[in-house]
Amino acid sequence: SQSELLEKLSSIMDLTFGETPYINNEMINRFTPNASQVSARKKVSLGILERYGHERLGIKGENADKAIFRSVLLETGLYIPSEPDSELRWRFVLPSEISDSNQRLKNVWMKFESFLTQPKKGKKEFKEFFRHLESPPIGLRTGIIPILLAAGLKAFPNVGSIARRNGDSINDLTPSEIEDICRKPEDFFLTVIEIDEQKQEFLKGIISLFSREGEENTIEGAGLLKTAHEAVVDWSVVELGKGARESRLIKGETRKLQRALRRLNDPQKLLLEDLFKLGGTEATVQKRLLKLETLKKEMEELPKTYQNLATRHIILALDDGVPKTELNLLETLKSWQGEVGGQIKEKNLSAEANLLLKSLNSAYLTESSAIERIGLVVTNQIFKHWSDEILQLFRLKFNDNISTIEAEVLINSQGNQETLKSRMLRNRLLKLAGALKDEVGEADTLSYLLELQQSLTEEGTLSNANSQRRDR
């Protein structure tokens, strides 16, 4: 009879899928959810990833995402209220906390814990893990797996990293990336490494060294790698800036740190290989951290280097030709203001040249305030955000605008300004010679100047001869 057939089929299914956990939600507990069901699932994943610890994961209303959360996480007992003294109000359970009466769910949750946390040499394949979950005797439906994966990543912090097949690490998972991993698991892999006591101590030192001042380091265990990586990334991107990671002005051993910071997307390689090795192969953790602190400080000095180079450029560009024992920006500006800056009407200049003229004609109490103002006027960037390209842009724009200003002075200078005119023309010639040297080298520049000298000498001789003939 039909009832006997159904009973027989049920028995076969129980034998075949004897470890399938009970999850009462036909909307998501299926092989191929539709678009609206996937959208609701992503909202649950978003709650897990960004609002973990909140009651109901911050999900409001009585929509499909609330139904999925309730049936998959709440009614199964995976998401429970925390102890009264806990920082989190709600949390995911450990496998050991699941009752033996719910052995099927306990078994699946143990498999997620093992996959995400157990160290292994080489790569852990998501494709193989999901195939194991979907095959008998577990037979987990693919519609459930993204939610359990997101939950597992929060429940079981690990010392691993998820990466795409091309090697790019994924540091901050989004619901879309969770979906991508589950839809095309062959395109991703997980690496979980074992961190010994020495490297745990090193990671704690990294957190203290790179975290913002005043932040307390209370991280232990599996969260060390993630927290240390976040501290280095925050320092590199926010505090240091892109210019320092790419500048050719970084020299010596500091360049090794610079090269390491170009690979921020791989936490394990960055922290446990590149930065760990900067102190030497046999160094203690303390020596490694001291070495790293020294290199870090040198990289942080790059804005000061840009500032010094910009200062030197201004002084040389505004040089009045008087020999000096040392370069001084304030004295140079004062001298230039007296001889050039006060000889011109601002209305005759372009807006850009006019702004520069105003900044050069201003009174400053310190050299630092002067160069910061001038640098900002020319590039619209503070020195912390400078790069080699911005330094070059500063030089070009400063030279162009100074040439415009000085050309206006030359046009409008009166009879008693011949000394000023000759000095300005001389300085302009020296600047051109310097630019030529940078372009073709010292030897060719000297050759060109000798040709110029010979040409001028020949012109002078010819002019004298013509003058003598006229006199006769």
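We use all heavy atoms of the structure for the numbers below, so side chains are in, but hydrogens, waters and symmetry mates are not. Just so you know, residue 1 is the first one in the sequence shown, and it goes up from there.
Screening residues 46-65 for ring pair (Phe, Tyr, Trp, His ring centres under 6.0 Å) gives Tyr52-Phe92 as the qualifying pairs, with residues at least two apart or on separate chains.
Using a 30° and 60° split on the angle between ring planes, Phe69 and Tyr79 fall in the perpendicular class, above 60°. Ring-plane geometry between Trp109 and Phe156 is classed as tilted, the angle between the planes lying from 30 to 60 degrees on a 0 to 90 degree scale. Taking the six-membered ring for Trp and thresholds of 30 and 60 degrees, Trp386 and Phe394 have ring planes inclined between 30 and 60 degrees apart.
With rounding to the nearest 0.5 Å, the separation of CZ in Arg245 from OG in Ser387 is 11.5 Å.
Taking the six-membered ring wherever Trp is involved, the centroid distance between the rings of Phe126 and Phe188 does not fall below 6.0 Å.
When each of Asp388, Thr379, Thr311 is tested with Tyr306 by the rule side chain to side chain donor-acceptor pair (under 3.5 Å), just one qualifies, namely Asp388. If you run side-chain contact (heavy atoms from CB on, under 4.5 Å) between Lys291 and each of Glu253, Lys296, Gln286, only Glu253 comes through.
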From CA spacing to verdict: side chain to side chain donor-acceptor pair (under 3.5 Å), Glu372, Ser368: CA-CA 6 Å; Glu372 286 176 3; Ser368 178; 3.2 Å; yes
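A cation-pi geometry, defined here as NZ or CZ lying under 6.0 Å from the six-membered ring centre and within 45° of its normal, holds between Lys199 and Phe276.
Here the side chain of Gln37 pairs a donor or acceptor atom with the backbone of Asn34 at under 3.5 angstrom. Although no hydrogens or angles enter the test, the distance criterion places a donor-acceptor pair under 3.5 Å between the side chain of Gln337 and the main chain of Leu360.
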